[in-house]
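All values reported here derive from a predicted model rather than from experimental measurement.
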Amino acid sequence: MRDVAIIGVGMTAWGELWEKSLRTIWTEAALAALDDAGVDHVDYITIGCMSPGLFVGQEHLASLLADELGMAGVPAARVETACASGGLALRMGLAEVASGLSDIVLVTGVEKMNDVDTAETTYALGTAADQEWEAFHGVTFPGLYAMMARLHMAKYGTTSEQLAAVSVKNHANALLNPDAQYHLKLTVEDVLGSTMVADPLHIFDCSPITDGAAAVVIASMDVAREITGDRPIVRITGSGLATDTITLANREDLTSLPAVRKAAERAYAMAGRVPGDIHVAEVHDCFTIAEIMTTEALGFFEPGQGGPAAEKGLTGHGGKIPVNTSGGLKAKGHPVGATGVAQVVEVATQLRGEAGQRQVEGARIGLTQTMGGSGGSAVVHILEVES
Amino acid sequence: MRSPGRSWREHPQRYRLEAAKCTGCGRILYPPRVVCPDCGGREFETVTLPRKGTIVTYTVIDVPPTGFQGQAPLVLALVELENGVRTMVQVADVPDMDRLAVGMPVKLEFRRISEDGEAGLIFYGHKAVPA
C-alpha cells in the first residue's frame with residue numbers, strides 16, 4: 001500500500017442555508033479544498049451523503065456533482081453508511097490512492113436537510129434504524145440513544161449533569177469556530193432545563209438539523225511532496241471500518257459501541273498507535289451520551305469513566321484529550337453525510353497548526369470517529385503530521 | 001406509502017408472533033432470517049413467541065415521528081421475552097409514567113400501531129402493557 005497524505009481541506013459555514021442548494025454548498029466546499037491544495041484536477045471523487053433521495057429528491061448524485069464542479073468525465077461515486085457516510089468517503093478515497101488506482105482524490109461529504117419539513121427530516125434520519133422492527137413501532141433516534149443512556153446511567157452511575165457537560169463543552173468550543181451552526185454559550189442548567197425530547201435526553205443533548213458540506217484533497221506522498229511546499233504534510237496512518245447489528249434488540253451490551261471499538265482497534269493497529277498517543281480527536285456526538293460512549297470505545301477512558309471525564313474537563317481544551325474542538329456535531333452542526341469529512345478538516349487543521357484560537361498546542365497525532373445510526377457502523381481514522 | 005405486499009409478508013410475525021428456531025443450535029430469531037448468525041444453520045422450524053417479558057430499557061418520546069404525532073408521549077421499550085428474545089415495542093396503558101422501570105414485567109397485546117396517511121394501510125402489531 002502507498003502512503004497517503006491530506007493536501008487540502010475545505011469547509012464552508014454550516015447552518016440553515018435557505019438561500020443555497022445541495023449542489024451549491026457541495027461545490028463551494030469542494031472548491032475550497034481544491035484551492036487549499038493548489039490542484040486543478042483530480043483522478044476520482046468520493047461523496048459521502050446519507051439520503052439525497054429523501055432530503056432533496058435527488059439520486060445519481062455523484063455524476064450530478066462532478067458535472068457541477070466542471071469535472072464531468074472524472075470517476076465519481078456516492079457512498080453511504082448513514083451518518084458515517086463522510087468517514088466512509090475518506091476510507092474509499094484512501095483505498096483508491098493507497099492501491100495506486102488514483103493519485104489525487106477529492107473526498108467530500110454533504111447533506112442538505114432543511115429542504116423538507118422537520119417531520120420528513122426525522123423520517124429520513126429514522127431510515128438509518130431498522131425500518132421493519134424499530135421504526136415501525138415509532139422509535140426515533142433520540143429514543144434509541146435515550147435507551148442506551150438509561151442503561152449506561154444504571155450500570156455506571158452516569159448522570160444527566162455529565163451528559164450536559166458534553167453539550168456545554170462543545171458549545172463553548174463552537175464559539176471559536178466561525179463555520180459552526182451555533183454560537184451560543186450554554187450552562188449545565190440551560191441543558192437540564194431544556195425541553196425533554198426522549199427521556200433522559202433534552203433538546204440540548206441532541207445535535208441539530210444542518211445544511212453543510214466539507215471536502216479534503218488526498219494524494220500519494222509523492223504528489224504531496226511535490227505540491228505542498230513548506231506546509232506540513234498530514235498523513236493518514238490508520239483507517240478502520242466496522243459494522244454491528246443495527247437493531248438494539250440484537251446487540252448484547254447496550255452500554256458499549258462494539259463497532260466503534262472494532263474500527264478503532266483496526267485503525268490503531270494499522271497506525272501502530274495506542275489511545276494514549278492521540279493528541280486531539282473529533283468524535284460522533286450526535287447525542288451527548290454518544291460522545292461519552294465513544295470516548296470509552298476509543299480507549300480514551302475506561303468503560304463507565306466517559307461521564308466523569310467529561311464533567312472533570314478531561315475532554316476540554318487543556319484536558320487529557322481535547323475532544324470536538326470544532327464544536328462537534330452538537331454545536332458545529334450535523335449535516336449527516338458531511339460530518340465525517342468535516343471531522344477530518346478539523347483534525348488536519350489542528351495538525352497543521354492552523355486552528356487559530358482553537359489550536360491544541362503541540363498536536364501531532366489526531367483521530368476522527370464517526371458512526372451510523374445507533375452504532376451499526378463506525379469509521380475511525382488516525383492522522384499524523386510529518387515532523 | 002407502503003405497498004400492501006410489504007405489510008402482508010410480515011403478518012406472520014406481526015399478527016401471530018411467529019419466530020424461526022434454528023434446528024442446528026436452537027437460537028430463536030425474530031424476525032426470521034435465511035441464515036443463523038450464531039451457527040450458520042439454514043434450517044428452521046416455526047415457533048410462537050411467549051407474550052410475557054420484562055423491560056430491558058425504555059424511553060418516553062415527547063417528539064414522535066411521522067405517523068405517531070397524535071400519540072405523544074410515546075413510550076418505547078426493548079422487551080426481553082421469557083425465551084430470551086428481545087423486541088422493540090411500544091408500551092401502552094401505562095397509568096403513571098413514574099411506574100416505568102427497567103425490569104418491569106409486561107405482556108404483549110395485539111394493537112393498532114399506526115396509519116400510513118389517510119388513504120394508506122392501517123398497521124397492526126403488538127404492544128407491551130404492564131403485566
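Interatomic distance, CD of A/Glu291 versus OG of A/Ser167, reported as 10.0 Å (0.5 Å rounding). Atom CG of A/Asp115 is separated from atom CG of A/Leu22 by 8.0 Å, given to the nearest 0.5 angstrom. Going from atom CD of A/Glu16 over to atom CE of A/Met113 covers 11.0 Å, rounded to the nearest 0.5 Å. Atoms CG and CE, on A/Asp285 and A/Met293 in that order, are 14.0 Å from each other to the nearest 0.5 Å. Between atom OG1 of residue A/Thr288 and atom CG of residue A/Leu163 there is a gap of 4.0 Å, rounded to the nearest 0.5 Å.
When each of B/Arg6, B/His126, B/Lys127 is checked for heavy-atom pairs under 4.5 Å with chain A, B/Arg6 comes out on top. In terms of heavy-atom pairs under 4.5 Å with chain B, the best-connected choice from A/Thr140, A/Thr247, A/Thr122, A/Ile203 is A/Thr140.
Contacts of residues 90-112 of chain B with chain A at a heavy-atom distance below 4.5 Å involve B/Gln90, B/Val102, listed in sequence order. Interface with chain A: from residues 75-89 of chain B, residues B/Leu76, B/Ala77, B/Leu78, B/Arg86, B/Thr87, B/Met88, B/Val89 qualify, criterion being any non-hydrogen pair under 4.5 Å. Residues of residues 22-46 of chain B lying under 4.5 angstrom from chain A, judged on non-hydrogen atoms, are B/Arg27, B/Tyr30, B/Pro31, B/Arg33 by number.
Of the atoms belonging to A/Leu254, it is side-chain heavy atoms, and not backbone ones, that fall under 4.5 Å from chain B. Heavy atoms closer than 4.5 Å to chain A are found in the side chain of B/Gln69, but not in its backbone. For a residue to count as touching a neighbouring chain, one of its non-hydrogen atoms must lie under 4.5 Å from one of that chain's; by this rule B/Ile113 touches chain A with the side chain only. Within the 4.5 angstrom heavy-atom criterion, only backbone atoms of A/Ala135 (N, CA, C, O) approach chain B.
In terms of heavy-atom proximity, A/Gly373 sits nearest to A/Cys83 at N-SG, 3.9 Å. Shortest non-hydrogen contact noted between A/Leu144 and A/Ala129 is CD1-CB, 3.9 Å. What you find for A/Ala264 and A/Leu298 is that their closest heavy atoms are CB-CD2, 3.7 Å. Closest non-hydrogen pair, A/Gly376 versus A/Arg251, comes out as N-NH2, 3.8 Å. Shown here for B/Val60 and B/Pro73, the closest heavy-atom pair between the two residues is CG1-CB, 3.6 Å. A/Ala290 and A/Tyr145 get closest at one heavy-atom pair: CB-CE2, 3.8 Å.
A/Asp130 meets the salt bridge (Lys or Arg N to Asp or Glu O under 4.0 Å) test with no other residue; sequence neighbours excluded.
A donor-acceptor contact closer than 3.5 angstrom is absent between the side chains of A/His152 and A/Gln162. In summary, the side chains of B/Arg14 and B/Tyr124 do not present any donor paired with an acceptor at a separation below 3.5 Å, with no hydrogens or angles considered.
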Show the numbers, then the answer: is there a side-chain contact (heavy atoms from CB on, under 4.5 Å) between A/Thr127 and A/Leu54? CA-CA 10 Å; A/Thr127 62; A/Leu54 290 175; 3.7 Å; yes
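Proximity of A/Asp205 to A/Val197: side-chain heavy atoms (C-beta onward) are nowhere separated by under 4.5 Å.
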